[in-house]
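Order of the sequence lines fixes the chain letters, A, B, ..., with proteins taken first and strands second; residue numbering starts at 1 for each chain. Fair warning: this is a prediction, and the values are worked out from it, not measured in the lab.
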2 protein chains.
Amino acid sequence: MVKRSTKDRILDASEVLFARDGSGGASLRAITQMAKVNLAAVHYHFGRKDLLLEAVLARRLLPLNAERIRSLEAYQQKAGRKKVRLENVIEAMVGPALRLSRDETKGGRIFMRLLGRLVLEPDARVQKLLTGQFETVLKKFEPALKAALPHLEPQDFFWRLHFLVGSMAHTMADSERIRLISGGICDPDDTEGTIQCLVTFLCGGLRAK
Amino acid sequence: MVKRSTKDRILDASEVLFARDGSGGASLRAITQMAKVNLAAVHYHFGRKDLLLEAVLARRLLPLNAERIRSLEAYQQKAGRKKVRLENVIEAMVGPALRLSRDETKGGRIFMRLLGRLVLEPDARVQKLLTGQFETVLKKFEPALKAALPHLEPQDFFWRLHFLVGSMAHTMADSERIRLISGGICDPDDTEGTIQCLVTFLCGGLRAK
DNA sequence: AGTTAGTTCAAACGTTTGTTTGAAACATAC
DNA sequence: GTATGTTTCAAACAAACGTTTGAACTAACT
């Protein structure tokens, strides 16, 4: 076990505590205490509290979106001249996200909870960051999605995209409630099963007349 | 214009500021200032800050869930001996919620944003309150839903219910992003249109093979 | 008018907050 | 080994926080 750097230890602790207590609720003292780091180290490495939050986000989101685009391009390559099946487009969109949300070595549930909370945070800085990230992905996916759903009116197209994001975000962020509500029947730790279940649901909804 | 009571003014302001800044981020000083009320009035009327939050929630959630159940029972009555159509069950579930989320005289968007934030708040007290509210509704809806979806395995049933909640919550809580992302094509202020769109999507997803 | 219960008020309590400071400790180069 | 730039540290800062207090006000009933 290599000793992690001060910077990484701060990021790890921030992720946990921002997710648990909110970006406003988590105090730098709690963070530095958990990270076993001096209080002033935060300001030395990140400047201000909100810049620390940005760093926590960027660490996970940049690789995630790169992976989504890589996955879509792999499906496109495999399809050759034909258009990619809707199931595959959706899998490329939600699969990497859900796998990340279950990968505890990369923040996993904790990071997803944080993300879910930030989506509704009206802070302009956070919103710019999130919307920017999402639009990059959307730009890449929009053509493939429209090709797979040629019968959809533009209005329905965007609404259903919106509903898709909702289901995905809720499934990523809230992985334990389903176990409780289903009385143990559903197992959120079965990542690939969950993905398949979600893809089926979403494709059904997207194709609905 | 009748002057609202101190208690109501506190609830109104709390709703706005809890939604904007989170339950931890909103200070009692900001709330009482917006409500044009003395700081100590909060403790006089509600005791503690978290009891104030509970009161804000109860004011909207109790009538909402009553309305959902009333609506489902109306459909059941109309169906007589036959089982209620899936479209109607879903409408009874998401319709009242979405209408509330667009009714600015009853908190509207603001309250929904608050609700969305609280879903991911790990505070045990808040979770108990929310899960309790949801289970009351679920108990009432479960038979009708299962009857309308007889082919579904229990596991798929609960997962899809989970996805439904995600789409619904996201649509209620985040009403402006869709306008932005769709480039103005989608209008979240068209409440009934949104409901119909969402019901179609959800039924498609729920029925998917 | 006098009494009482309900409500509002300004002021203060002790904590905790994000941020700053300047010195100490560390590593790397010459 | 001394000098240089980077990182950590304990201590302090003003500001904001939730909560408490006791007196002042209001309205209703005797």
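For the side-chain contact (heavy atoms from CB on, under 4.5 Å) test, residues two or more places apart in sequence or in another chain that qualify with Ala173(A) are Leu120(B). Every residue meeting the side-chain contact (heavy atoms from CB on, under 4.5 Å) condition with Asn38(A), not counting sequence neighbours, appears here in chain and number order: Ala40(A).
Atoms CZ and CG, from Phe201(B) and Leu202(A) in turn, are 5.5 Å apart once rounded to the nearest 0.5 Å.
Without hydrogens or angle criteria, Ser71(A) side chain to Ala92(A) main chain gives no donor-acceptor distance under 3.5 Å.
Look at Asp190(A) and Arg102(A) and you find no salt bridge, because none of the NZ, NE, NH1 or NH2 atoms lies under 4.0 Å from a carboxylate O. Salt-bridge check for Asp21(A) with Arg117(A): failed, with every basic side-chain N at 4.0 Å or more from each acidic carboxylate O. Note on Glu67(A) versus Arg99(A): no salt bridge recorded, every NZ/NE/NH1/NH2 to OD/OE distance being 4.0 Å or above.
Residues Leu100(A) and Arg60(A) come closest through the heavy atom pair CD2-O, 4.3 Å. Closest non-hydrogen pair, Met168(A) versus Val94(A), comes out as SD-CG1, 3.4 Å.
A straight line from CG of Asn38(A) to P of dT8(D) spans 9 Å, rounded to a whole angstrom. Atom NZ in Lys7(A) sits about 11 Å away from atom P in dT8(D), given to the nearest Å.
Within residues 10-33 of chain B, the residues approaching DNA chain D are Ala26(B), Ser27(B), Leu28(B), Arg29(B), by heavy-atom distance under 4.0 Å. Remark: Tyr44(B), His45(B) in residues 41-56 of chain B come within less than 4.0 Å of DNA chain C through at least one heavy atom.
Counting non-hydrogen atoms of other residues, nucleotides and ligands closer than 6.0 Å to CD of Glu153(A) gives a total of 12 or fewer. Environment of CD in Glu176(A): crowded, with over 12 heavy atoms of neighbouring residues, nucleotides or ligands closer than 6.0 Å.
In this pair, His162(B) and Trp159(B) present their aromatic rings perpendicular. The plane angle is above 60°, beyond the 30 to 60° band.
Relative to the axis of its first five pairs, the axis of the last five pairs of the helix from dA1(C)-dT30(D) to dC30(C)-dG1(D) sits at 10°, rounded to 10 degrees.
Remark: Lys146(B) qualifies as a cation-pi partner of Phe157(B) under the 6.0 Å distance and 45° angle criteria applied to the six-membered ring.
Nearer the 5' end of DNA chain D, as judged by each residue's closest nucleotide, is the contact made by Lys36(A), out of Lys36(A) and Ala40(B).
The footprint of chain B on DNA chain C, defined by a heavy-atom cutoff below 4.0 Å, extends from dG6(C) to dA12(C).
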